[in-house]
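Predicted model only: the values in this text are computed from it and were never measured. Whatever order the structure lists them in is the order used to number ligands and atoms, beginning at 1.
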Amino acid sequence: MNDRNRHPDNNRNRRGPSGAGSDGPSDGRLVEVHSQLSRDKDEPTEGFSLTPILIVFLFCGFGFWAGLYITRNSAEFSPSAFDLNAPKAAAAGGPVAFEPDAAKGEKLFLANCSACHQATGLGVPGAFPPLAKSPWVAGSEERMIKAILAGLAGEIEVLGAKYNGNMPNIGAGLKDAQVANIATYVRQAWGNNAEPVMDTKVAEIRKAIGNRGQYNPADLLKEHPLQAK
Ligand code: HEC
């Protein structure tokens, strides 16, 4: 735009039609015009200008959303997040899957069982039957789990010797995993050689037998006969 077009003088028509001013504006007039000009806003120009606040807000909002998205969906940046089988593996056992632990079982045995059955597993003749090489311990783990959970009372024959004692329901006060570890230890100590026991099996039996009283050994044998020799 031609600066002259903005000149307030153009509207004043003080010049002749020829356009050529005779003597030009007076000094006072010039000062007045310039002060008006300096109050005018600048012409639009290319260059830097402040970012509109709406865009700033949009940008911050996007950053916030991105942060939320990452925290919620990054799976803690675990590489297994991209393993399609990982959820199945976790569901199958989870990171805290139970492993029968005979070493833990031994400690628990010493704390809960050895007072009667002795640390040697040999028991006390006439009072407490042996667990070492006992057919009650071998074979189906359910027989032994039931004995630990509910206890035993009544006549029992173990390795050719008769007992008539009373074993309290010790397992009722122990966790499934603890009972499983004890049973695993007993089934593998002193020459015993039976499968380890899982905590889920203990939980299953605990649920099935509920709050029953002690087993009579003869009844327990009907449910779980000793293995043929
Ligand atoms: C208070 C003493 C006592 C404690 C403690 C005890 N038992 Fe017994 N246990 C007995 C008696 C007595 C019998 C025989 C029951 C009967 O005469 O009916 C027996 C029987 C058994 C039997 C079947 C018979 C055999 O010898 O194989 C098993 C198995 C057994 N106990 C395992 C355990 C385990 C495992 C623990 C520890 C969690 C334990 N007992 C704690 C006294 C005890």
List, pair by pair, the atoms of ligand 1 and of the protein that are both N or O and lie under 3.5 Å apart, giving the separation rounded to 0.1 Å.
residue  : atom   : partner : partner atom : Å
ligand 1 : 7 (N)  : His117  : NE2          : 2.7
ligand 1 : 9 (N)  : His117  : NE2          : 2.8
ligand 1 : 17 (O) : Gly154  : O            : 3.1
ligand 1 : 17 (O) : Gly165  : N            : 2.8
ligand 1 : 18 (O) : Gly154  : N            : 3.4
ligand 1 : 18 (O) : Gly154  : O            : 2.6
ligand 1 : 26 (O) : Pro130  : O            : 2.6
ligand 1 : 27 (O) : Ser134  : OG           : 2.6
ligand 1 : 31 (N) : His117  : NE2          : 2.8
ligand 1 : 40 (N) : His117  : NE2          : 2.7

* Structure fact -> Distance col, row Lys104:NZ vs Lys107:NZ, nearest 0.5 angstrom, shows 9.0 Å

* Please report the C-alpha distance between Tyr185 and Trp190 in whole Å, then the side-chain angles of each, then the deciding distance to 0.1 Å, and finally whether the side chain to side chain contact (heavy atoms under 4.5 Å, CB included) criterion is met. => CA-CA 10 Å; Tyr185 168 69; Trp190 321 297; 3.8 Å; yes

* Could you tell me whether Arg212 sits above the aromatic face of Tyr215, with NZ or CZ closer than 6.0 angstrom to the six-membered ring centre and within 45 degrees of the axis? => yes

* Inter-residue atom distance Ile182.CD1 - Ile148.CD1, 0.5 Å rounding -> 6.0 Å

* Asked: So does Glu223 have more than 12 non-hydrogen atoms from other groups sitting under 6.0 Å from CD?
  -> yes

* Asked: Hey, what do you get for CE (Met167) to CD (Gln214), rounding to the nearest 0.5 Å?
  -> 9.0 Å

